[in-house]
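Following: one structure in structure tokens, then a few remarks.
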Amino acid sequence: MASGKVTFRQERCKGCSLCVSVCPAKIIFLDESTTNIKGYHPATVTEMDRCIGCANCARICPDSIITVERN
Amino acid sequence: MASGKVTFRQERCKGCSLCVSVCPAKIIFLDESTTNIKGYHPATVTEMDRCIGCANCARICPDSIITVERN
Amino acid sequence: MAKELWKGNEAIAEAAIRAGCRCYFGYPITPQSEIPEYMSLHMPKVGGIFLQSESEVAAINMVYGASGAGARVMTSSSSPGISLKQEGISYICSAELPAVIVNVMRGGPGLGTIQPSQGDYFQATRGGGHGDYRVIVFAPANIQEVVDLMQDSFELADKYRMPVMMIMDGMIGQMMEPVEWKKPPVNPEDLPAKPWATTGTKGIHEPKAIHSLFIDPNESNDHNMRLDAKYQRIMADEQRYETSETEDAELIFVAFGTPARLARAAARLLEEEGIKAGVFRPITIWPYPYDALYQAAAQDSVKAVVTVEMNTGQMIDDVRIAVRGCKPVSFVGQAGGRVPTPQEVVAAAKSALGR
Amino acid sequence: MAKELWKGNEAIAEAAIRAGCRCYFGYPITPQSEIPEYMSLHMPKVGGIFLQSESEVAAINMVYGASGAGARVMTSSSSPGISLKQEGISYICSAELPAVIVNVMRGGPGLGTIQPSQGDYFQATRGGGHGDYRVIVFAPANIQEVVDLMQDSFELADKYRMPVMMIMDGMIGQMMEPVEWKKPPVNPEDLPAKPWATTGTKGIHEPKAIHSLFIDPNESNDHNMRLDAKYQRIMADEQRYETSETEDAELIFVAFGTPARLARAAARLLEEEGIKAGVFRPITIWPYPYDALYQAAAQDSVKAVVTVEMNTGQMIDDVRIAVRGCKPVSFVGQAGGRVPTPQEVVAAAKSALGR
Amino acid sequence: MAIVYQKSKGLTDVELHYCPGCTHGIVHKLVAETLEELDVLGNTIGVAPVGCSVFAYKYFNCDMHEAAHGRAPAVATGIKRVLPEHIVFTYQGDGDLAAIGTAEIVHAAMRGEKFTTIFINNAIYGMTGGQMAPTTLVGQRATTAPLGRDREHYGSPIRMSEMLATIDGAAYIERVTVTTPANIIKAKRAIKKAFQLQIAGKGFTMIEVLSTCPTNWGLTPVEALEWLNNNMVPAFPLGVFRDITAEEAK
Amino acid sequence: MAIVYQKSKGLTDVELHYCPGCTHGIVHKLVAETLEELDVLGNTIGVAPVGCSVFAYKYFNCDMHEAAHGRAPAVATGIKRVLPEHIVFTYQGDGDLAAIGTAEIVHAAMRGEKFTTIFINNAIYGMTGGQMAPTTLVGQRATTAPLGRDREHYGSPIRMSEMLATIDGAAYIERVTVTTPANIIKAKRAIKKAFQLQIAGKGFTMIEVLSTCPTNWGLTPVEALEWLNNNMVPAFPLGVFRDITAEEAK
Amino acid sequence: MAYNEILIAGFGGQGVMSMGTTMAEAALSEGLNVSWLPSYGPEMRGGTANCSVVIADSEIISPIVLQPSELIAMNLPSLDKFEPAVKSGGYIFVNNSIIKRKLARTDVKAIYVPTLDIAAELGNMRVANMVMLGSYIEATGVLKFDTVVNMLRNVFTGKKAHLVEINRQALQRGAACV
Amino acid sequence: MAYNEILIAGFGGQGVMSMGTTMAEAALSEGLNVSWLPSYGPEMRGGTANCSVVIADSEIISPIVLQPSELIAMNLPSLDKFEPAVKSGGYIFVNNSIIKRKLARTDVKAIYVPTLDIAAELGNMRVANMVMLGSYIEATGVLKFDTVVNMLRNVFTGKKAHLVEINRQALQRGAACV
Ligand SMILES: Cc1ncc(C[n+]2csc(CCOP(=O)(O)OP(=O)(O)O)c2C)c(N)n1
Ligand SMILES: Cc1ncc(C[n+]2csc(CCOP(=O)(O)OP(=O)(O)O)c2C)c(N)n1
Ligand code: SF4
Ligand code: SF4
Ligand code: SF4
Ligand code: SF4
Ligand code: SF4
Ligand code: SF4
Ligand SMILES: [Mg+2]
Ligand SMILES: [Mg+2]
């Protein structure tokens, strides 16, 4: 399986969870430990090694804040 | 064959000839010998005995000026 | 009756229903959408008609039809939507049908802003549509007055068979204020019959036609002159205004709607500085209370007249017409959603007085 | 150049093409349909665009788009159709785009009559649309003047980036009169570039946006104040008017368009009776030549000012504002397709003079 | 002898102002006869448009309301909502209905407004002097299309019946013509059916009538009927485009 | 590592003002990516509507023109007629396109105007606070239909793609949605095809995108996608309604 | 000071409008001030047509003619409608090929012109309006005969050049009726 | 003469609007003049919400509050935006559960209220706004505590009656923060 890497422009995240809902690896979650300037818990990934770089998350993110890289 | 009778309210005739064009008996014509108040030669019938009372003329007359009677 | 806290737009809608209105057509637009929203919920409860139209153009033409059919009918919108209604308003005026039209004004021109403004004064008082016509225009200054004037609006509309417009800045639509329901509700069944309405000949009367076509120039002229005579009657009989402290004032503020409040606050500030200022507030902006304003301005004590508006200066034309050059007239205002502050008004007043 | 006999509407269209207009959108309506008809035949011959739109609303919005894309563009209509364009005009003013709008007025209100009228004076000069905006309004009195003013109209529209309206009664559109083509035709390729037009970034410049949305009240206020400053500049620089025999006159007629001819005829009749009457004719009705009219009216010799209009009295508001109460102002007119006769005008003048 | 055809009581005695041979007059009769036969004249409100039929309010022997150009469906909506038990119809030209009034007719159909529209498609703006209509045929000349309608510039004529038939709220939509006595009888039947469905509260009903404008087509009235048959009928096929009673029957 | 997905250059860096999870943002991306891929950003003029996407003129990285409510097709017509070699698109909501702007979209289609319309159907007036749209489903609640849209009162939702597909001047009309990554890819393909046909001068092209309005539907963004799938898709079937290239190929 | 206000009225198709424009063109070429104004509108559907022509050596006040100094009545309804409006001392030209009555008024000058009969004699019914124009010119002296003929030369060129002659004859025959 | 101009600002969902209407209702029942004005428009899409409340014993001049005598800042962007506008000598109420900074200004009175922490302790996060309101009442004395509680009794009736008590507690806990 390809391995991927996602980066979030967190200060622009609106915490809508669309990315969360479409990640096949189920590794995205909203980080409740922090609130961005807009008042939302931003999306994040910790187990990045499980990312397959499918770009589902980026494709559905309405705010275009996710960048996906892949090997 | 049924026999009919048509009456024209001639002062309102606009001489459009639609009645002329649909009379199966071909008995309606525009009376070029006279001009009504509106400046038109009004439609008329002389050989009334050939009228079959089909009402084609009246049905198509846009100005509703033809009355048709039948035996 | 006890006072209740009402949101302006909802109070407008409720006041219309209490005034016997049983028919509303409109299209959403900020800052007045709560009017159709309220109507959608409450009209059915009183057996009335609420219909959201496909556009403002359609709405005003539905009003035209419904009014012709005898209904007590209303529409509402905000500035751009009112622009789209101009052709229809002209038709309704010419066909002499009653209707109430509410304009909760926002800042223009164009898409502008949804913030409050008084930028449609000209449109309301001069007829934004084509031809010689007028509508009676009420310009209430707070929610209580909106409510108080609603019944009058429908009654004058019926009396003169013409639209009555109620214009207010968007703030009045959006804010909440205490309201007292002073008048008893009108039961539409108790209203006088409308013999001119097209409700079918029933085989009894001659066919009626509601129309605005007068193709022959003489007929058209006669029709216009008849309308004009009606407008003259209204000018004589229906002017309304309010004055506060204008007697022996050194300066007269003229303001309609919300800015009248600011003007009164400014007058109080001026009083502290020893300047006596009064406020003249037209309540009908058509017919405009020209004579009353002239009387106020012509007093020997008065040195200057200052109009206060939430636009770049529109009512000032009527003030000039009223004042007839007897005193200098100047303007202070803010347009497009900003409200002048009492301090700005005070400064303008002082400069008008040369201090 | 020799004079040619031209029908008003066709002369308007031809003059626009000669003024470099290469883009026309419109919808048929009597008495101006010969304008789109002429355009449909002649625009393609000069490589221009003629498009009949589905409505007046669409037409003005096509103008909005085409102007934004840099075209020298025009639309025309008659009264009810102009009412429908009000929202669009307000947008174009706010977005600051040039355009020429012709209103060949017919009698209103409503469907009214197709006969000539001047019933849209208020609409043209006060903005029938919402918000604080103005358009420059020319009111030519004959076909020659229409033709002469057309190039100026497009130039002022470009200069101030705003619509210029030309209004005339339907008679001017329908009649034929001799015309002389005084100015050389404009080649659109020679016109100055429009750096503000949206013609694609070409990957070079930053994206441009043509819009009229200023959601923040301060931005909106600033925008309005900037527009107002432009309008003040125009008021200072662009007033046009014509006087005839006003010096030392006992009576001043004020009239725009066709009635100015009647007024001059009436003045000649009065002269025969030993009364010296002059005619003041505004050519721009916005900006209105207030000061010039005041000067004329304030002369010691003048006893009365009489406005002559083909409506029930609209310009009279501006005359009152101009005259500032220094002389009595009265009105004579006919509405809805009728034209006052010189005799009627004479009678009104005498009664104004108390004779 | 018995009278077999006479002027309908659904028409007043006012003379029609239409040009000689204009089929507006024929359609007026059909509507009038229908109202008379259904015995609803006393209970009907008609809405006249702006177009050559602008004076329709003088001709129909029932209460009438004249609308602004294109807005008849909105006016009719206002009337019918206030007087749901009454019969309401609009009578509109192709400029009125298919150009400026497009939004109003589409939304009346969408809402399933219970009135009947008589749509006179004569492929031209009659009243204003022969300008192009949205229904003008490709190649047909008009005063604003002096070389004929150009498909590249203006597209093909719009078929309103087909378009409106996609809308659920439309109960009955048929296109007819009045070029022959037989077609006139068919047209009458269609109009009657539309009014009957209105009375039954089924929804929006519209009959499109292909009509002539001899004056602006530059043809004699009889030639105009032929031209219509040869040119308009192929572009605007006759027939029923929507009939919910047929669907309900299934 | 290679970048497989990043923000399109067709978008500016301005933050979108849309509510969390609103699919307007997804569609913006697809249009932007298409323009970028076709390499026409420098040659494109977009027309923004009045609706939640009123600020679209700040977001697209090309010249933009903001229209009055409903009039984007007229504005686009004006632009495209003046600049026939440019790419022009409108981006419109369902209130904008299917209510107040009905006449303008129908006639742009009729004339075969060579621009592309992106039609965001979210079954509601988003911007003004959740009032009923012509596309609101029967039974769906809205602030002006507090008990849900009533078929008897308002008819059924209008299907604009089906309606416009009856018009000859329409070259391509497809309805898509963006509820899943797979649907997003399909939607992108449709949008790209529409722009390609515009460039080929085929006529009017429109892509209807079934979209969400979590705020006014009162659902979370994820629930909104589900609701769309379960309720809107059955009422507004996905698919191609008109494709003249397919017809030409026959 | 010449100030002629002419009203020409008849059925559509009688050449009423072109009679007016011909007069206007001729007046222009004589250096006079001129205006031409058609009636327009739905009443035209009824088949009537009329136009106002004003010819003057001073400024034209209004192109609308309410009280004509000369009325040209091409049919009976027009005569009925406009006869009362003509200025005392003015002219009424009556197309007596189809108007069978005489004038009711005695304070105006009546000129009866059998336009159709003459046109028939000339072999072209379409020149009936030029017959009338010939009478008008002759009676009023407002325009010169040669100017009108020259004007016709400008109108009928190329293939239509042969029409100049018959129109000239029509003018002459009309003039002879006065 | 009391004239209080209050600006309440925060994220959507923090109960900003209802805090305002609660104050307005209470003021009305105390016989004071009152106005409430929400901010509205597309900027709300961004998720911010604010409203102006004016409470006075004289006529209310304008319902728009530009220079608040009291600012209630429920989140950091609101504090950043409105802190400079507060009248000298006025109050700023800071929701320091989520606003981590102190005031920059020294010429105003600062009240820090950990609304979320207290609401959490009370077991209902939705009463955070009532905690803040309690602080406001206590600090300014503009409204009477009992009026507000009575008002809550009118709002929470029937099935919701049990909510009166927790809201009353929230008000009290807020008051205690002053
Ligand atoms: C707002 C407005 N625009 C334009 C007109 C001018 N106008 C009158 S009728 C008409 C079109 C008539 O054509 P149609 O509807 O096809 O009817 P027809 O005369 O052919 O029967 C137009 C454009 C008008 N009266 N009002
Ligand atoms: C003439 C006019 N009428 C009404 C409005 C108010 N208005 C703004 S957007 C809108 C509808 C928005 O709905 P939609 O087009 O579906 O777009 P969405 O917000 O759902 O994306 C309305 C009615 C306006 N700005 N102008
Ligand atoms: S790229 Fe795919 S696997 Fe990786 S985080 Fe995004 S959705 Fe999950
Ligand atoms: S889709 Fe985008 S905005 Fe939504 S939670 Fe994920 S990263 Fe944040
Ligand atoms: S009734 Fe028939 S046969 Fe008799 S005249 Fe009429 S069309 Fe001819
Ligand atoms: S159809 Fe009627 S109007 Fe036409 S010629 Fe016959 S009778 Fe006369
Ligand atoms: S112009 Fe055409 S449609 Fe109108 S009445 Fe004449 S023939 Fe009929
Ligand atoms: S209101 Fe609806 S459509 Fe508008 S931005 Fe919010 S979610 Fe999107
Ligand atoms: Mg037609
Ligand atoms: Mg929507």
Side-chain angles (χ1 to χ4, degrees), chain C residues 22-25 27 43 48-73 75 84-92 94-95 97 99 129-130 188 194 196-215, chain E residues 9-12 14 17 35 39-50 54-88 90 100-111 113 115 127:
Chain C
R22 288 295 178 276
C23 200
Y24 175 94
F25 302 96
Y27 187 79
M43 266 298 190
I49 296 155
F50 165 81
L51 194 73
Q52 182 178 320
S53 60
E54 61 271 31
S55 68
E56 291 87 352
V57 170
I60 192 71
N61 284 286
M62 290 173 183
V63 166
Y64 183 32
S67 179
R72 186 160 262 204
V73 56
T75 185
L84 288 170
K85 290 184 201 279
Q86 293 304 325
E87 189 205 23
I89 294 173
S90 178
Y91 269 76
I92 295 174
S94 190
L97 296 180
H130 59 285
K194 295 177 172 173
W196 43 262
T198 48
T199 52
T201 65
K202 309 273 176 295
I204 301 167
H205 68 75
E206 283 296 293
K208 291 174 191 157
I210 288 173
H211 74 100
S212 66
L213 181 62
F214 299 90
I215 206 77
Chain E
K9 291 196 182 54
L11 293 174
T12 63
V14 178
H17 73 293
L35 296 175
D39 196 18
V40 294
L41 276 164
N43 205 25
T44 294
I45 297 127
V47 183
V50 177
V54 69
F55 290 122
Y57 65 84
K58 299 184 184 177
Y59 304 145
F60 287 106
N61 207 355
C62 59
D63 277 2
M64 294 290 296
H65 192 129
E66 188 209 52
H69 190 32
R71 318 304 175 194
V75 172
T77 297
I79 298 169
K80 185 79 186 201
R81 295 279 172 155
V82 172
L83 302 171
E85 304 300 322
H86 283 56
I87 315 305
V88 176
T90 73
I100 193 169
T102 307
E104 285 74 13
I105 199 72
V106 163
H107 286 271
M110 183 197 75
R111 292 188 302 264
E113 292 296 343
F115 63 78
M127 162 168 243

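Closest of all the heavy-atom pairs between E:His86 and C:Thr199 is NE2-O, 2.7 Å. Of all the heavy atoms in C:Thr198 and E:Met64, the pair that sits closest is CG2-O, 3.5 Å. The shortest heavy-atom contact between E:Asp63 and C:Glu206 is OD1-O, 4.2 Å. Nearest heavy atoms, E:Asn61 versus C:Pro207: OD1-CG, 3.1 Å. In terms of heavy atoms, E:Leu41 sits closest to C:Thr201 at O-OG1, 3.9 Å.
Only the side chain of C:Leu97 comes within less than 4.5 Å of a heavy atom in chain E; its backbone stays farther off. Within the 4.5 angstrom heavy-atom criterion, no atom of E:Val106 approaches chain C. Within the 4.5 angstrom heavy-atom criterion, atoms from both the backbone and the side chain of E:Ala68 approach chain C.
Counting heavy-atom pairs under 4.5 Å between each of C:His211, C:His205, C:Arg22 and chain E puts C:His211 at the top. Counting heavy-atom pairs under 4.5 Å between each of E:Asn43, E:Thr12, E:Val88, E:Ile45 and chain C puts E:Ile45 at the top. Between chain E and the options C:Gly203, C:Cys23, C:Ala58, C:Ser90, heavy-atom pairs under 4.5 Å are most frequent for C:Ala58. Note: E:Val75 leads E:Val75, E:Thr77, E:Val47, E:Ile87 in heavy-atom pairs under 4.5 Å with chain C.
Contact of the C:Glu87 side chain with the E:Arg71 side chain is registered, since non-hydrogen atoms from C-beta on lie closer than 4.5 Å. In this structure, the side chains of E:Arg81 and C:Val73 stay at 4.5 Å or more apart for every pair of heavy atoms.
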Can you give me every donor-acceptor pair (side chain of residues 60-69 of chain C, partner residue at least two apart or in another chain, under 3.5 Å) with its distance?
from    : atom 1 : to      : atom 2 : distance (Å)
C:Asn61 : ND2    : C:Val57 : O      : 2.8
C:Tyr64 : OH     : E:Glu66 : O      : 2.9
C:Ser67 : OG     : C:Pro98 : O      : 2.6

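Residue E:Arg111 holds its CZ atom at 7.5 Å from OG of C:Ser53, rounded to the nearest 0.5 Å. Atoms CG and OH, on C:Leu213 and E:Tyr57 in that order, are 4.0 Å from each other to the nearest 0.5 Å.
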What do the steps show when you test C:Leu51 against E:Glu113 for side-chain contact (heavy atoms from CB on, under 4.5 Å), and what is the final call? CA-CA 12 Å; C:Leu51 194 73; E:Glu113 292 296 343; 4.1 Å; yes
